Every structure is written in structure tokens, then in C-alpha cells.
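Note that the coordinates shown come from a computational prediction; the quantities given were computed from them, not determined experimentally. When reading the values below, keep in mind they use all heavy atoms of this one structure, side chains included, and skip hydrogens, waters and symmetry mates. Chain naming here is simple, since letters A, B, ... match the order of the sequence lines and numbering starts at 1 in each.
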Amino acid sequence: MARFIDELKRTHYCNALRAADERREVVLFGWVASYRDHGGCVFVDLRDREGITQIVFDPDLSGHGEAPRQAHEIARALRSEWVIGVRGVVVSRGANTNPRLPTGEIEVHAVEVTVFNKSETPPFEIADDLDTGEEKRLQYRYLDLRRAPFQRTLRVRHRINQVVRRYFDEQGFLELETPILVKYTPGGARNFLVPARTAAGKFYALAESPQLFKQLYMVAGFDRYFQIVKCFRDEALRLDRQPEFTQIDVEMSFVNQDDVFGVMEGMIVKVWKEVLGVDLTTLYPDGRFPRMPFEEAMGTYGNDKPDLRFGLPHAELTDLVVDHGGGGVPFWKPIAEKFASGAYRRDLPAEIVKVLRVPAELASQLSRTEVDKLEDFVKGMGAKGLARAKVEGGGAWVQSPLAKTITPELRAAITARAGAGDGDLLLFQFGREAVVQTVMANLRLHLGKRLGLIPESGHGGRWNFLWVVNPPLFEYDDEAGRWVAAHHAFTRPHDDCVELLDTDPGKVLCWRYDLVLNGFEIGGGSIRLHDPAVQARVFRALGISDEEAHRKFGFLLDALRLGAPPHGGIAVGMDRLAMLLSGAESLRDVIPFPKTQKGTDLMTDAPNVVSPEQLAELNIRVVQPS
RNA sequence: GGGGUGGUAGUUAAGUUGGUUAUAACGCCGGCCUGUCACGCCGGAGGCCGCGGGUUCGAGUCCCGUCCACCCCGCCA
């Protein structure tokens, strides 16, 4: 029988002891966070998941026989990250308190110590503040996770999970599971494929979301479903995207959009209250979050997830430019002409003109050199350039290539549209709509950070929630030359738009919604299409034949004809929620074992090559990558 | 698929116009030290300068290629 663990059980975690515990005999287990050998005494900071306690090894500690002397001998050899157990007595530090530790008013005088395990010198220090690069930390992730910031972050995840589960249970939701190995369904995110050994040449897909199954739960009558569930998407990664991530997935029957919003707003308020101690109802007194039509988000902010912690809105100028026939600006003339001739239509992707106004008091913070750098910034995003103009008192434009040729009429119209006055800086983008929107949205964010309107990362103590609502059901695919589903083909169109399905699909709005927080999409969902007749018209608008629809989604179409209740739902990105709650800079900082941007795991070296035998069993032949 | 930034000791970084033995801090190892808590003092070890090729009398430095990590665009209903 080992003395420690078998006989001496841990009595406390390392943040538990206070002055009131004076003279108590305790047993602590943990890691050597640091050691200071003074020849006579050895001081060890002992760390476990809860905190740090200072242990003193004094060979002359009286009243315990020879044991303290032996413990001191062992302690002299201790090194960083050795795993040890200590039996000792709590002693008050009196006036010698360490104010930097919650346990700073006490220390444990060691009577007995055991080394459970030595440690090699770790590749980096297990410290709260660390300048070691992420690559190294990912390679030794378990050491990174041993650090207090990660211990806190993963605890936040735990709290979110607990609060969410309790909330939905109280609201009458059932936590139901859905398959991970599913049938591949086309459209949307790329699926990871899993070879089916028992069905030669066939594949499962890893579920990109439980979407179809949660709808089937509604058809099955479960009425209110939720799940905290892993999803998998084989797409390019970003700081807010991982190939494997967790969603808080929700679906409800007999509800409209307001019902879904109400439930989710309740969840968010509860999470903020219980995890952060922040009462969102001081910001949103009725507990409801503001809403913005998709069209306004795109027009004013250039994307569907605007960060409303700051202003710097865009203004659309395309109609002004067209009305003025280009207004003397050489680049704009062809755009105006194409609209005039009908080559461009306002309901199809075309070229557009937008402006961003930087108010004088902010513009004065930007030197001309810095504005030149902005041009490099936007070029990196596909822009051809960054036309600018400084507005002077009389409405004149200076420092601008546009100023030379633009007609006074168009200049005045733009100045008025942008609401520009003396000293304001106008930044223009024109060209293909998708590029202009991307560039302008990113330019706005970039300026917001540069001008100190929002921090480089993190929430800055500000929580701006927003529902983006009423987007179009379809979007035009330039390359394919046809309409495609903007969300998925099972989103319910607005009733007053159903007639447009056949005549003017671009104008069909739908019951889809995104929940946005500080410029991050943290959730999205829709009211589903449960009417087979309307469903058929949607497929027709998409150019999907009955036969094709049945082959791809047959089981769901069958279900919709067998008593499907009206239903809708939403999925919230649990990792993003944790990231924003904890002020982390990246999803990788809130996911215990994340992948790199290329989808590799630097610790385990996944994905890896498998043996020819394994491949043969799966009937797979690997072609050398080109 | 495209654009950008970076890779030098265990870690983080410096390294001039191409020129002697590639620096520093922290960490590590040895010694000393009874009150430290970023302990202190003395001494020491430690390098495939990401990898491959080229230019050159000579390359961490210049050129070409390549790998890895990060950020962005495309992509992500």
C-alpha cells in the first residue's frame, strides 16, 4: 500500500486554505509550479486545477520527529512540474502575507512529501502570461491546458453547458441525440466522408449539423428539442471556424419567429447572468434584442453580421451615379450606362458604388500616409483601389482623384447622401457588388479598430446583440447562372412572397434569422417549410426536378407529407459563444484540442497515412496528390 | 485556389552593406544562501540560423524552390 493516495487522501484543493484553517493538518496533491531553495528552507508553490498554495520545507520543523528533515531532503531535488503529494500543517503567514495569491495569508509547513512523478524540463513555462508561440503550445496542448487561463476557459464552457441544459429542461425541451454518421446531402458545407467498410465503395458523411434529424423529431411529435452537439464541416478554417465544433441546437413545433427569438433571448440572458454575472436586461430592458432587416445590414454595413458597437455606416451611391449618368467620373460612366441599357438589373448582382464617411474628428487621426496604407489593405481583399475625398467647408472635395472630373451636381448629391461636412473623409468603393461589400465591410471594421472605436479583439465590456432578419430565400449564382438557396431549400418563404417564387425569385424573402454579437454570427436558423405544395414550388424555382429532389431529400419529403407540424429552430455556435464570453482572440483558445488552419492536429499528427491493408479493407485506392 | 506576415539556443527575440568564434533575456545544469514568493549571488552548458538548391573567395543575411504556423479573400446553405 502506498502511503499517499491509499492512506493519505487529499483533503483540500490548492486554493481552499485560509487563515481560519490555521493548525489544520492537510494533504495536498499537485504540480510544482515553482521552487525557491534557500539552503535552509525550500519554498514550493504547489499548483492544482483550483489554485496555488505555498509549501515550506523546514528541516527543523518541530513536533514531527525526523520526518520534516527527510521531506526537506526530497524537496531540495524538486523541479518544475513534478507531481507531488504533501502532508503538512497550515500556518498563518501573519504580516508576511502574499497579496498576489488568494491563499497568501497561509502556507503549509511540510511534514511528509512524496514524488508521484518527475517531469522533464517542459518546453515552455506553465505560466499565466506566456509569450510562447501557438505552434509550440499546440504541440504540447496538455501543458498549455495546465495553465490557469485555460483552466478558467474550460470551466466557462462547463458552466455554459450546465446553464443551457438546465434552462432548456425548465422550458420543457427534451435533450435528444442525432446520428453523426449520416447520408451525404448536397448543398451547403462540404461534408467529411467516412468510407463504409460494410458497403464497399460507399460512404457515410459526418453530420454538418443535425438539421434534418431535428426536423424529423418535430414530425415525430417531440415538440421541443435541444442538443449540445458536435458538427463537422470540411471547409476552409478561420480564427472563428474549426472543422469540428459544438452547436447548441434547438427546434420547436407550432412556433413563429418571435417564439424562437424569445426562447433564445431567455437562454442568452441566463448564460450571461450565470456565467459572467452580467445582467443583459440593463441593456435590453424587455429582454428582447433589436432586429435589422438583412437588406439594411448589407446596405449599411456590407455584411450580414454587423458589429454595432460602433458607427461608420456605408451609404449606397449606385442610384445617384446612375441618375447622373456617371457624373463625369470616368470609372462610373460604364456602370451607369450598363444600368441604363438594361445590361445590369438592380435585382441581380452588378457593379455598385458605395461610400464610407469618416467624421472629421476621427479623420483627423489619420495621416495621409495611413490613408495610403488603407489602400494596400483593401487591395489585399480584391479591391482595385481606394478612391477618397476630403470634404471642405464649401462642399468642395480635395485630395481626391474624383474631384477633378465629377459634376458639381453629383458631388453635392453624394455629400448630402453621406451626410458629410467640413473635414470629413469619404472613402469610395465601386465595382462588383460582392467585392465592394466585402471590402467596405472589412474597411469599416479595420477603421473601427484603428480609430479605437472597438478593441483589436475581445468585447471591451460591450455586448451588442442583433437579430438579422428577412433575408432573401435565393441568391443568384453568377457562375452557374441560376438561383440557388441562400440558406437551405427547406426555409419557409414569407406568405406574401409565395406568388413571386415563379415570377421573381430574387424578391422572395424568408423566415430566416441570424443572431449576431459584436460582429460575430453566433447563431442562425429558420422557420421551416412544412407545406409540401410550397416546397415543390421552391424546388421548381431552384430548377430541381421532382426526381432529383426525391433522390436527395426523399426521406424528409416523405415526412413532410406524413403529418409535419409547423416548426422552426436555431443553432447557436457554442464555441463562438465561449470565445466571446471569455474575450478570447480565437476559437482555438476555447477549444481544448483544436486543429490548425490546415486542419491538422500538431499534437497527434492527425490526419495521417494509413496502411495499404486498411485501405484495401475499405476498397480505397489512394491517388498521389497532384 | 489566391494575397500577406513569420520561422535563429529549451522559449522569446536581436543580428548592420554578405566578412573573425552567431548575441541577449528567461529557462536549464552545478555551487552558495532560513523568509522567498519574477528570490538573490557565483560559475557553466546549450545552435541543422525550417528544409533543399543556387550565386559568391565567403551566406543567418542575396536568388530560386519547398515545408510549417498565423491573418485575410474565395469558400463556410
Side-chain angles (χ1 to χ4, degrees), chain A residues 33-45 52-61 72 76 79-80 91 93-101 103-104 107 109 120-140 143 185-191 208-209 211 231-243 245 304 376-383 434-435 438-439 441-442 445-446 456-457 471-475 477 479 484-491 510 512 514 521 524-526 542 571 573 585-586 588 595-598 600 602:
Chain A
S34 78
Y35 59 95
R36 298 173 291 278
D37 184 349
H38 282 254
C41 272
V42 175
F43 298 88
V44 166
D45 288 346
I52 285 181
T53 298
Q54 172 162 288
I55 313 292
V56 183
F57 292 90
D58 178 356
D60 301 324
L61 183 66
H72 175 260
R76 297 199 71 171
R79 292 296 180 267
S80 293
V91 175
R93 294 183 59 171
N96 191 26
T97 296
N98 181 352
R100 300 180 56 171
L101 290 180
T103 59
E107 60 196 10
H109 287 216
E120 293 176 12
T121 302
F124 52 84
E125 198 187 349
I126 312 303
D128 292 8
D129 289 315
L130 198 60
D131 50 12
T132 302
E134 193 178 15
E135 199 172 346
K136 211 52 156 181
R137 288 161 42 214
L138 284 171
Q139 192 183 339
Y140 298 93
L143 295 183
T185 49
R190 191 179 291 116
N191 293 84
E208 54 177 304
S209 83
Q211 183 61 42
C231 304
F232 307 88
R233 293 181 189 174
D234 187 6
E235 293 290 347
L237 305 181
R238 289 282 191 282
L239 71 87
D240 62 346
R241 288 194 233 151
Q242 280 277 308
F245 60 99
D304 58 358
D376 295 336
F377 174 79
V378 299
K379 279 180 174 169
M381 226 134 2
V435 175
T438 298
V439 168
N442 283 300
L445 274 175
H446 184 76
E456 279 292 328
S457 72
L473 180 60
F474 305 111
E475 59 191 20
D477 184 333
E479 288 178 18
V484 296
H487 182 45
H488 63 64
F490 300 95
T491 302
C510 65
R512 177 180 148 60
D514 283 336
E521 181 197 319
S526 62
L542 289 170
E585 292 184 16
S586 147
R588 294 185 300 275
K595 306 285 191 288
T596 68
Q597 200 171 56
K598 282 197 175 161
T600 63
L602 295 179

Novice: To the closest 0.5 Å, what do you measure between CD (A:Glu521) and CG (A:Asp240)?
Specialist: 9.0 Å
Novice: May I ask you to verify if any side-chain N or O of A:Thr438 is less than 4.0 angstrom from the OP1 or OP2 atom of B:C72?
Specialist: no
Novice: Is any side-chain heavy atom of A:Phe232 less than 4.5 Å from a side-chain heavy atom of A:Pro243?
Specialist: no
Novice: Does a nitrogen or oxygen in the side chain of A:Arg36 sit under 4.0 Å from OP1 or OP2 of B:U36?
Specialist: no
Novice: What is the distance, rounded to the nearest whole Å, between atom NZ of A:Lys379 and atom P of B:G3?
Specialist: 16 Å
Novice: Of all the nucleotides listed (B:U11, B:A38, B:C72), which has the minimum atom distance to the side chain of A:Asp131?
Specialist: B:U11
Novice: Can you give me the N/O atom pairs linking the protein to nucleotides 4-6 of chain B at distances under 3.5 Å, or say none if there are none?
Specialist:
none

Novice: A:Asp514: what forms a salt bridge (Lys or Arg N to Asp or Glu O under 4.0 Å) with it, not counting sequence neighbours?
Specialist: A:Arg512
Novice: Would you give me the side-chain donor-acceptor pairs under 3.5 Å for residues 124-131 of chain A, sequence neighbours excluded?
Specialist:
none

Novice: Answer with base, sugar-phosphate or nothing: what part of the nucleic acid does A:Ala236 contact at a heavy-atom distance below 4.0 Å?
Specialist: base
Novice: Checking A:Asp304 now: which residues fulfil salt bridge (Lys or Arg N to Asp or Glu O under 4.0 Å) with it, not counting sequence neighbours?
Specialist: none
Novice: Just the atom pairs and distances: protein N or O near nucleotides 26-29 of chain B's N or O, under 3.5 Å.
Specialist:
from	atom 1	to	atom 2	distance (Å)
B:C29	OP1	A:Arg79	NE	3.2

Novice: Mind checking side chain to side chain contact (heavy atoms under 4.5 Å, CB included) for A:Ala485 and listing every partner two or more places apart, or none if nothing turns up?
Specialist: A:Leu542
Novice: Over how many whole Å does the gap from A:His109 atom NE2 to B:U36 atom P extend?
Specialist: 13 Å
Novice: Determine the contact category for A:Leu237: base if any of its heavy atoms lies under 4.0 Å from a base atom, sugar-phosphate if only primed atoms, P, OP1 or OP2 are that close, otherwise nothing.
Specialist: nothing
Novice: Please determine, for B:C57, whether a Watson-Crick or G-U wobble partner exists with both distances under 3.5 Å, and give it or none.
Specialist: B:G19
Novice: In the strands shown, is B:G65 matched to any nucleotide by a Watson-Crick or G-U wobble pair with both distances under 3.5 Å, and which?
Specialist: B:C51
Novice: Respond yes when some side-chain nitrogen or oxygen of A:Asn442 is under 4.0 Å from OP1 or OP2 of B:C72, and no when none is.
Specialist: no
Novice: A:Phe124 stacking on B:U11: centroids under 5.5 Å, ring planes under 30°?
Specialist: no
Novice: Is any side-chain N or O of A:Arg241 closer than 4.0 Å to OP1 or OP2 of B:C75?
Specialist: no
Novice: Ignoring backbone atoms, test whether A:Arg100 places a side-chain nitrogen or oxygen under 4.0 Å from the OP1 or OP2 oxygen of B:A38.
Specialist: yes
Novice: With a 3.5 Å cut-off and heavy atoms only, can you find an N or O donor on one side and an acceptor on the other between the side chain of A:Asn96 and the base of B:C37?
Specialist: yes
Novice: Rounded to the nearest 0.5 Å, how far does CG of A:Leu61 lie from SG of A:Cys41?
Specialist: 9.5 Å
Novice: Does A:Gln54 have a side-chain nitrogen or oxygen under 4.0 Å from the phosphate oxygens OP1 or OP2 of B:U36?
Specialist: no
Novice: Regarding B:U36, can its base be found pairing with the side chain of A:Arg93 as donor and acceptor, where the two atoms are less than 3.5 Å apart?
Specialist: yes
Novice: Please give the distance between the P atoms of B:U21 and B:U56 as a whole number of Å.
Specialist: 23 Å
Novice: Please identify each residue that fulfils side chain to side chain donor-acceptor pair (under 3.5 Å) with A:Gln211, with sequence neighbours left out.
Specialist: A:Gln215
Novice: Who pairs with A:Asp37 by side chain to side chain contact (heavy atoms under 4.5 Å, CB included), at least two apart in sequence or on another chain?
Specialist: A:Val42, A:Arg76
Novice: Assign A:Gly133 to base, sugar-phosphate, or nothing according to its heavy-atom contacts below 4.0 angstrom with the strands shown.
Specialist: sugar-phosphate
Novice: Can you list the residues that meet the side chain to side chain contact (heavy atoms under 4.5 Å, CB included) rule with A:Val435, with sequence neighbours excluded?
Specialist: A:Arg432, A:Val439
Novice: Classify the side chain of A:Arg76 versus the base of B:G30 as yes if they form a donor-acceptor pair under 3.5 Å and no if they do not.
Specialist: no
Novice: For a quick test of reading the model: is some side-chain N or O of A:Ser34 closer than 4.0 Å to OP1 or OP2 of B:C37?
Specialist: no
